[in-house]
Participant: 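For reference, the structure I am asking about is given below.
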Amino acid sequence: MFALCDVNAFYASCETVFRPDLKGRPVVVLSNNDGCVIARSAEAKPFVKMGEPYFKQKDFLRHHGVVCFSSNYELYADMSNRVMTTLEEMVPRCEIYSIDELFCDLTGVRHCRDLTEFGREIRSTVLQRTHLTIGVGIAQTKTLAKLANHAAKRWQKQTGGVVDLSSVERQRKLMAALPVSEVWGIGRRISKKLEEMGIKNVLQLADTDIRFIRKHFSVVLERTVRELRGEACLELEEFAPVKHEIICSRSFDGRITEYEEMRQAVCSYASRAAEKLRGDHQYCRFISAFVKTSPFGPEPYYGNSASIKLLTPTQDSRDIISAAIRCLDVIWKDGHRYQKAGVMLGDFYSQGIAQLNLFDENAPRKNSQKLMDVLDRLNAEDGRGTLYFAGQGIQQQWQMKREMLSPCYTTRYADLLRVK
DNA sequence: TCTGGGGTCCTAGGACCC
DNA sequence: TCTGGGGTCCTAGGACCC
């Protein structure tokens with residue numbers, strides 16, 4: 001038996017926890033660069049569109065008194081930690097699935113108590129400790145637990161935010177009421193194709209011949225359908241598997257037209273990607289950089305990427321930065337108004353020594369590890385950006401826009417809430 | 001003027017092997 | 001007239017998730 005717990009309107013709720021004056025008001029959170037709406041409070045949901053560009057809705061939002069925030073990932077990451085720690089204490093085994101979601105294995109809990117009651121207890125504990133409200137969905141498979149969670153949120157008043165969907169009868173009743181697009185793993189494309197085949201609600205999908213599904217779709221959808229029938233195909237992943245790639249990319253505030261500025265940006269992203277790589281205790285051989293103009297608007301689109309394969313795996317920022325800049329030099333073209341760039345690392349190894357190559361002319365760097373340790377330690381203790389590479393530039397004019405950023409209430413002393 | 005960022009998995013097709 | 005069969009590895013692209 002699985003439970004899926006997730007925080008209601010997570011980003012928007014994090015913003016209101018320390019702002020009781022916003023209670024009852026519509027609140028939205030914007031993506032990086034104040035680009036699109038990516039989270040809405042319950043009050044905002046009925047009339048603010050998800051994923052829509054902010055600039056298109058600005059006047060409309062102001063007119064309706066909607067409070068907007070730039071995204072504050074430092075705050076969300078810390079609040080997420082508080083929620084996850086609380087949940088981890090209460091359940092025997094769990095998997096942190098995303099910043100605001102956690103799957104639990106309720107196998108041990110099952111025989112000793114009522115699952116709904118247990119769900120309520122989890123919910124009230126998280127609320128008490130973090131002031132965040134979660135929904136709990138319970139069922140035999142992850143996909144059904146997700147569906148139960150959806151029901152818990154949609155009918156929050158009637159369900160108290162907890163739905164136990166372990167009875168097949170209840171499963172079928174709920175599935176008949178929901179369109180296929182609500183199922184975990186079924187996005188826009190597949191739901192459209194299913195609907196064209198006459199498979200409109202979830203129950204119809206669950207009752208479709210598995211061979212038909214396999215013939216017209218991939219094994220992924222086959223698993224989803226089996227899960228809807230109560231056959232568990234997805235396990236609880238208690239320990240996060242190692243990553244296969246690391247990406248650092250950002251849109252710019254405005255557009256970049258000068259090579260020098262782009263070099264600073266690519267250098268910064270490469271250096272951040274290298275930090276993440278060391279955080280995961282990995283070494284990489286594959287490094288790539290990309291640049292692109294905006295896909296919107298009238299100007300001709302240009303986007304390109306280049307990559308480099310090193311002979312020996314590295315985690316040294318200097319190697320990664322220099323490779324990324326060499327990639328940039330291959331793809332840079334004058335005359336474009338660039339909107340975004342990024343750096344990607346791949347082909348990971350758990351150590352850097354690898355096989356010494358007979359033809360490798362670059363001798364391994366001396367004391368690389370020590371230097372990187374110092375770099376990371378200073379940036380950890382005194383804040384990101386304490387020590388950085390000259391190539392990143394000193395005044396980063398292209399830095400993303402965050403004009404409505406809230407304080408980091410829980411992670412910075414200077415931002416601590418004052419009580420009169 | 002202005003439209004996010006970071007991941008995963010699967011499949012098909014090409015190149016190559018014996 | 002007629003040109004095999006079985007396999008691996010890699011990559012690009014598509015789909016999905018939050």
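So you know, we letter chains A, B, ... as the sequences are listed, proteins then strands, and number each from 1.
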Participant: Does the ring centre of A/Trp398 sit less than 6.0 Å away from the ring centre of A/Tyr338?
Facilitator: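 Between A/Trp398 and A/Tyr338, which both carry aromatic rings, the centre distance is not below 6.0 Å.
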Participant: What nucleotide, of B/dG5, B/dT3, B/dC10, holds the atom closest to the side chain of A/Asn32?
Facilitator: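 Of the options given, the side chain of A/Asn32 lies nearest B/dG5.
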Participant: From CD1 of A/Ile96 over to P of B/dG7, roughly how many Å is that when rounded to an integer?
Facilitator: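 Between P of B/dG7 and CD1 of A/Ile96: 16 Å.
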Participant: Could you tell me how far apart A/Lys243 (NZ) and B/dT8 (P) are, to the nearest whole angstrom?
Facilitator: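 Answer to the nearest Å: 8 Å.
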Participant: Under 4.0 Å: is that the gap between some side-chain N or O of A/Gln339 and OP1 or OP2 of B/dT1?
Facilitator: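 For B/dT1, OP1/OP2 do not have a side-chain N/O of A/Gln339 under 4.0 Å.
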Participant: Do A/Tyr54 and the base of B/dT3 stack face to face, with centres under 5.5 Å apart and an angle between planes under 30°?
Facilitator: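 A/Tyr54 ring does not meet the centre or angle cut-off for B/dT3; no stack.
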Participant: Identify whether any heavy atom of A/Glu101 sits under 4.0 Å from a base atom; if not, whether one sits that close to sugar-phosphate; answer base, sugar-phosphate or nothing.
Facilitator: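 Sugar-phosphate only.
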Participant: Please tell me which of the listed nucleotides, C/dC18, B/dG4, B/dC10, lies nearest to the side chain of A/Val220?
Facilitator: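 Of C/dC18, B/dG4, B/dC10, B/dC10 is nearest to the side chain of A/Val220.
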Participant: Under 6.0 Å between ring centres: does that hold for A/Tyr11 and A/Tyr76?
Facilitator: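 A/Tyr11 vs A/Tyr76: aromatic centres under 6.0 Å.
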Participant: What is the base-pairing partner of B/dC18, counting Watson-Crick and G-U wobble geometry with both distances under 3.5 Å?
Facilitator: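 C/dG5 - that is the nucleotide pairing with B/dC18, both distances being under 3.5 Å.
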Participant: For B/dG5, does either OP1 or OP2 sit under 4.0 Å from a side-chain N or O belonging to A/Lys340?
Facilitator: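 Yes, within the criterion.
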Participant: Is A/Arg214 close enough to B/dT11 that one of its side-chain N or O atoms is under 4.0 Å from OP1 or OP2 there?
Facilitator: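 For B/dT11, OP1 or OP2 has a side-chain N or O of A/Arg214 closer than 4.0 Å.
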Participant: Which listed nucleotide (B/dT3, B/dG7, B/dC10) is nearest to the side chain of A/Ile246?
Facilitator: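 In terms of side-chain proximity for A/Ile246, the closest of B/dT3, B/dG7, B/dC10 is B/dG7.
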Participant: Which nucleotide sits closest to the side chain of A/Ile190: C/dC16, B/dT8, B/dG4?
Facilitator: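 The answer is C/dC16.
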Participant: Does A/Ser251 make a side-chain N or O approach to OP1 or OP2 of B/dT3 shorter than 4.0 Å?
Facilitator: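 So the side chain of A/Ser251 is outside the cut-off, no N or O lying under 4.0 Å from OP1 or OP2 of B/dT3.
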Participant: Look at the side chain of A/Arg250 and decide which nucleotide, out of B/dT11, B/dT3, B/dG6, has an atom nearest to it.
Facilitator: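 So the nucleotide nearest the side chain must be B/dG6.
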Participant: Pick base, sugar-phosphate or nothing for A/Arg337, based on heavy-atom distances below 4.0 Å to the nucleic acid.
Facilitator: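 The answer is sugar-phosphate, as A/Arg337 gets under 4.0 Å only of primed atoms, P, OP1 or OP2.
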Participant: Would you kindly check if the NZ (Lys) or CZ (Arg) of A/Lys193 is within the cone defined by 45 degrees around the ring axis of A/Phe217 and under 6.0 Å from the six-membered ring centre?
Facilitator: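 Judged by the rule, A/Lys193 and A/Phe217 form a cation-pi pair.
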Participant: The side chain of A/Arg255 lies closest to which of these nucleotides: B/dT3, C/dC18, B/dG6?
Facilitator: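 Selected nucleotide: B/dT3.
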Participant: Specify the separation, in whole Å, of atom NZ of A/Lys401 and atom P of B/dT3.
Facilitator: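 About 8 Å, once rounded to whole Å.
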Participant: Evaluate the ring planes of A/Tyr269 and A/Phe252, with Trp represented by its six-membered ring, and classify them as parallel (under 30°), tilted (30 to 60°) or perpendicular (over 60°).
Facilitator: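 It falls in the parallel class, under 30°.
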Participant: Taking only the side-chain heavy atoms of A/Tyr97 (C-beta and beyond), determine which of B/dG4, C/dC18, B/dT3 contains the nearest atom.
Facilitator: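 The answer is C/dC18.
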Participant: How about A/Phe348 and A/His244: are their ring centres within less than 6.0 Å of each other?
Facilitator: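 Between A/Phe348 and A/His244, the centre distance exceeds or equals 6.0 Å.
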Participant: Just call it for A/Val29: base, sugar-phosphate, or nothing, with non-hydrogen atoms closer than 4.0 Å on any strand.
Facilitator: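 No contact.
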Participant: Classify the ring geometry of A/Phe103 against A/Tyr97: parallel below 30°, tilted from 30° to 60°, perpendicular beyond 60°.
Facilitator: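 Perpendicular.
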Participant: Out of C/dC18, B/dG7, B/dT11, which nucleotide sits closest to the side chain of A/Lys146?
Facilitator: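 Nearest listed nucleotide: C/dC18.
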Participant: Starting from P on C/dC17, measure out to CG on A/Leu221 and report it in whole angstrom.
Facilitator: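 To the nearest whole Å, that distance equals 11 Å.
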Participant: Starting from C1' on C/dC17, measure out to CZ on A/Arg189 and report it in whole angstrom.
Facilitator: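 That distance rounds to 16 Å.
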Participant: How close or far is atom P of B/dT3 from atom CG of A/Asp253, stated in whole angstroms?
Facilitator: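 Atom-to-atom, A/Asp253 to B/dT3, this comes out as 10 Å.
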Participant: Between C1' on B/dC2 and CG on A/Asp34, what's the gap in Å once rounded to a whole number?
Facilitator: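 To the nearest whole Å, that distance equals 10 Å.
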Participant: Please determine whether a side-chain nitrogen or oxygen atom of A/Arg272 lies at a distance below 4.0 Å from atom OP1 or OP2 of B/dG5.
Facilitator: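 So the side chain of A/Arg272 is outside the cut-off, no N or O lying under 4.0 Å from OP1 or OP2 of B/dG5.
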Participant: Which residue, A/Phe252 or A/Lys276, contacts DNA chain B at a nucleotide closer to its 5' end, judged by nearest heavy atom?
Facilitator: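 With A/Phe252 and A/Lys276 compared, the 5'-side residue is A/Phe252.
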Participant: Decide yes or no for A/Phe69 and A/Val27: does some side-chain heavy atom of the first lie under 4.5 Å from some side-chain heavy atom of the second?
Facilitator: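 Of all side-chain heavy-atom pairs linking A/Val27 with A/Phe69, at least one is under 4.5 Å.
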Participant: Reading DNA chain B from 5' onward, which residue's closest nucleotide shows up sooner: A/His244 or A/Ser294?
Facilitator: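 Of the two residues, A/Ser294 wins.
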Participant: Just N and O in the side chain of A/Arg223: are any of them under 4.0 Å from OP1 or OP2 of B/dC9?
Facilitator: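 For B/dC9, neither OP1 nor OP2 has a side-chain N or O of A/Arg223 closer than 4.0 Å.
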Participant: CD1 of A/Ile247 versus P of B/dT8: gap in Å, rounded?
Facilitator: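 Taking atom P of B/dT8 as the reference, CD1 of A/Ile247 is at 8 Å.
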Participant: When the C1' atoms of C/dC17 and B/dG4 are compared, how many Å lie between them, rounded to an integer?
Facilitator: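 It comes out at 15 Å once rounded to the nearest Å.
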